[in-house]
Chemist: 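Have a look at the structure that comes next, please.
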Amino acid sequence: MIIKKFTGKTEEDAVEAAKKDLGSGVVIMNVKSVKRKGLAGLFGAKQMEVTAALEEENVVQRNVQNMAPAAKAEDVFAAQAAVNAMNENSQNLEKKIDSLQTLLMSRFQQSEAEIREASAVDGAEPPMEEAPEEKEQTSEQERFIRLLYNTMLESEVDEKYANQIVDDFDRVNKPDLPIDYILSDVYQKMILKFGRAEGITPVENSPRIVLFMGPTGVGKTTTIAKIASHYAVGEKKKVALLTADTFRIAAVEQLRIYANILETPFRVIYTAEEVQEAVRDFNDYDYIFMDTAGHSHQNEEQLEHMKNLIETVRNAGECQTFLVLSATTKYRDLMRIVSSYKEVSDYQLIFTKLDETTAWGNLLNLKLYTDTPIAFVTYGQNVPNDIEQFNPQKIVKQILSTRALQQ
Ligand SMILES: Nc1nc2c(ncn2[C@@H]2O[C@H](COP(=O)(O)OP(=O)(O)OP(=O)(O)O)[C@@H](O)[C@H]2O)c(=O)[nH]1
Ligand SMILES: [Mg+2]
């Protein structure tokens, strides 16, 4: 894998530079605003920096195109190792996972000691004692990969995906590969699997309409309040709040209270005409956030209603749709929920209540099951603070260091 940083005046410029250098298969792993180097930086000029990665397969493909078939496996590995060794940014990334490594290594050493103790009690030979060095190494790697695999399962990564990650790794495995390389490789692969969501993007000369849908009680209204507060207070944008949740009076009041606090206009929407009217009336606003009624994925009538509403809103203006899911929901139920939205194309995911679970693997499961990126996560009831843009690095660290391991 190649990991490199690129800078530009805007995020688009930096992404463009990454694509120019690494090709269109590049995946953007991180975006941040940085001070410019040199004198420009002193005067506060900022620029955007993106961290871009190119999957191993792509690197490998580029490097082996002209190699003789017999030499491929070894040479591919050598080429890849060289790329990794030369890549300073890759080393920086590895530094970041130092703490994770320490945690996993101590767990690994502990389980190795347990194996030795058990064999001593049995009076059996310690495993692999007579084996050649290479075999011992291979075995240590296998045990480490199994530890990573079990850790993923503890975080409730679905077996199918945990196997995929481990199998991906096995394809490039080599007997003398150090286990910190294995960890860094698995970590990077998982980050790439998460990809990167578009998030909420502004529209020029018309409002960005953002519609939130999802099951009951997952935190849709609370999440809207957090996001609306970010734009209205943090970014001083013109924000309007709408709700189509007319099923419960309390639901209307909940959003009205937030609208009052944020001093933004608020409207209850009953019909398609009212959607169009609202979009016309708030035409000079930056963002229109729209709440909807939570519903069971088993209620066909409500789902039909939701699909019609989305179509109306999409026809009325520049709409982005977010499906809000709770991380505390079982994976099986999450699969059923997203299946019920299969006719709604082109949405992004928000996961709430990360503070109430250690089943972070569900986020990876859902991303892979739906091929839909995660844009935001929320981790508490506090408005506006308990929300952040989805950060794959952070969640992968959590997946690979379950609470069970930290105890
Ligand atoms: N622990 C935790 N609680 C949350 C989070 N987000 C929302 N909640 C709580 O979940 C409950 C439901 O939140 P709402 O925002 O009303 O959920 P909703 O999806 O709008 O619910 P309906 O409109 O009834 O479908 C409230 O008690 C929120 O405070 C979160 O990230 N963590
Ligand atoms: Mg609600």
Side-chain angles (χ1 to χ4, degrees), residues 156 197 199-200 209-232 239-262 264 266-270 275 288-307 309-310 313 321-330 333-334 336-338 340-341 344 347-363 366 374-391 394-395 398 403:
E156 300 192 23
I200 296 173
I209 309 169
V210 190
L211 183 142
F212 298 79
M213 59 184 185
T216 43
V218 289
K220 295 179 295 301
T221 309
T222 312
T223 303
I224 292 175
K226 291 171 183 172
I227 293 177
S229 165
H230 166 80
Y231 282 103
V239 170
L241 296 180
L242 308 184
T243 184
D245 186 353
T246 53
F247 289 92
R248 290 182 303 118
I249 296 173
V252 172
E253 285 316 305
Q254 190 187 357
L255 196 62
R256 193 195 300 279
I257 292 168
Y258 286 123
N260 285 343
I261 296 169
L262 296 174
T264 62
F266 171 72
R267 223 179 256 192
V268 187
I269 299 292
Y270 292 92
V275 172
I288 301 176
F289 295 110
M290 181 153 182
D291 200 2
T292 63
H295 55 76
S296 154
H297 60 282
Q298 284 158 336
N299 188 326
E300 293 288 333
E301 197 188 322
Q302 285 180 344
L303 273 171
E304 204 45 46
H305 183 262
M306 174 60 67
K307 280 173 209 154
L309 175 69
I310 292 171
V313 179
T321 310
F322 287 84
L323 174 60
V324 185
L325 298 171
S326 166
T328 61
T329 308
K330 287 203 299 280
D333 291 330
L334 287 170
R336 290 197 191 102
I337 292 164
V338 294
S340 71
Y341 290 98
V344 181
Y347 60 79
Q348 301 176 58
L349 294 176
I350 295 178
F351 267 95
T352 60
K353 310 197 184 184
L354 265 70
D355 54 311
E356 289 190 2
T357 182
T358 53
W360 301 296
N362 267 338
L363 277 69
L366 256 283
I374 303 166
F376 298 98
V377 292
T378 77
Y379 44 84
Q381 295 181 294
N382 293 325
V383 177
N385 288 335
D386 294 341
I387 185 166
E388 63 188 25
Q389 259 176 8
F390 177 63
N391 177 341
K394 195 167 166 182
I395 205 80
Q398 281 173 304
R403 199 172 292 167

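First listed ligand is number 1; within each ligand, the first listed atom is number 1.
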Chemist: What part of Val218 sits under 4.0 Å from ligand 1 if we count only heavy atoms: the side chain, the backbone, both or neither?
Modeler: both
Chemist: Would a 4.5 Å heavy-atom cut-off, applied to side chains only, mark Met213 and Val344 as touching?
Modeler: yes
Chemist: Within ligand 1, which atoms have a heavy atom of Glu356 less than 4.0 Å away?
Modeler: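 Atoms satisfying the 4.0 Å criterion: 1 (N), 2 (C).
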Chemist: If you measure every N or O of Asp386 against every N or O of ligand 1, does any of those distances drop under 3.5 Å?
Modeler: no
Chemist: What atoms of ligand 1 come within less than 4.0 Å of a heavy atom belonging to Tyr379?
Modeler: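 Those of ligand 1 that fall under 4.0 Å from Tyr379 are 31 (O).
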Chemist: I'd like to know whether Val338 forms a side chain to side chain contact (heavy atoms under 4.5 Å, CB included) with Tyr347, so could you lay out the CA-CA distance, the side-chain angles of the two residues, the decisive distance to 0.1 Å, and finally the verdict.
Modeler: CA-CA 11 Å; Val338 294; Tyr347 60 79; 4.1 Å; yes
Chemist: Only heavy atoms count here, so choose which of Ala225, Gly219, Gly380, Gly217 is nearest to atom 21 (O) of ligand 1.
Modeler: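 Heavy atom nearest to atom 21 (O) of ligand 1 belongs to Gly217.
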Chemist: Mark up the atoms of ligand 1 that fall under 4.0 Å of a heavy atom belonging to Thr378, in ascending order.
Modeler: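 So the answer, numbered in order with elements, is 30 (C), 31 (O).
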Chemist: Quick check: are there more than 12 heavy atoms from other residues, nucleotides or ligands sitting under 6.0 Å from NE2 of His305?
Modeler: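 Open.
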Chemist: Distance-only, no hydrogens or angles: does the Thr352 side chain make a donor-acceptor pair with backbone N or O of Val218 under 3.5 Å?
Modeler: yes
Chemist: Should the heavy atoms of other residues, nucleotides or ligands under 6.0 Å from CD of Gln389 be counted, would the total exceed 12?
Modeler: no
Chemist: What protein heavy atom lies closest to atom 11 (C) of ligand 1? Include the residue and the distance to one decimal.
Modeler: Lys353 NZ, 4.1 Å
Chemist: For ligand 1 and Thr216, I'd like to know whether there is a polar contact (N/O to N/O, distance under 3.5 Å).
Modeler: no
Chemist: Quick one: look up the protein heavy atom nearest atom 15 (O) of ligand 1 and list residue, atom name and how far away it is.
Modeler: Thr222 OG1, 2.4 Å
Chemist: In the protein, which heavy atom is nearest to atom 24 (O) of ligand 1, and how far is it?
Modeler: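 Ranking protein heavy atoms by distance from atom 24 (O) of ligand 1, first comes Arg248 NH2, 2.7 Å.
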Chemist: Check whether any heavy atom of Asp245 sits under 4.0 Å from an atom of ligand 1.
Modeler: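 The answer is yes, since Asp245 has a heavy atom less than 4.0 Å from ligand 1.
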Chemist: Indicate, as side chain, backbone, both or neither, the part of Lys220 found under 4.0 angstrom from ligand 1 when only non-hydrogen atoms are considered.
Modeler: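 Both backbone and side chain.
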Chemist: Based purely on interatomic distance, does Asp355 place a nitrogen or oxygen under 3.5 Å from a nitrogen or oxygen of ligand 1?
Modeler: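 It does: an N or O of Asp355 is found under 3.5 Å from an N or O of ligand 1.
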Chemist: May I ask you to check whether Gln254 brings an N, O or S atom to under 2.8 Å from the Mg ion (ligand 2)?
Modeler: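 Checking the Mg ion (ligand 2) against Gln254, no N, O or S atom falls under 2.8 Å.
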Chemist: Near Gly294, which atoms of ligand 1 are under 4.0 Å from a heavy atom of that residue?
Modeler: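 It comes down to these atoms of ligand 1: 25 (O).
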Chemist: Would a 4.5 Å heavy-atom cut-off, applied to side chains only, mark Ile224 and Tyr258 as touching?
Modeler: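 No, every pair of side-chain atoms sits at 4.5 Å or beyond.
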Chemist: Can you establish whether the number of heavy atoms outside Glu253 located under 6.0 Å from its atom CD is more than 12?
Modeler: yes
Chemist: Closest by any non-hydrogen atom to atom 26 (C) of ligand 1: pick that one out of His295, Gln381, Gln254.
Modeler: Gln381
Chemist: Over all heavy atoms of both residues, which pair between Lys353 and Ala327 is shortest? Give the atoms and the distance, please.
Modeler: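 Taking Lys353 first and Ala327 second, the nearest heavy atoms are O-CB, 4.3 Å.
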Chemist: Check if Ala251 has a non-hydrogen atom at a distance under 4.0 Å from any atom of ligand 1.
Modeler: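 No.
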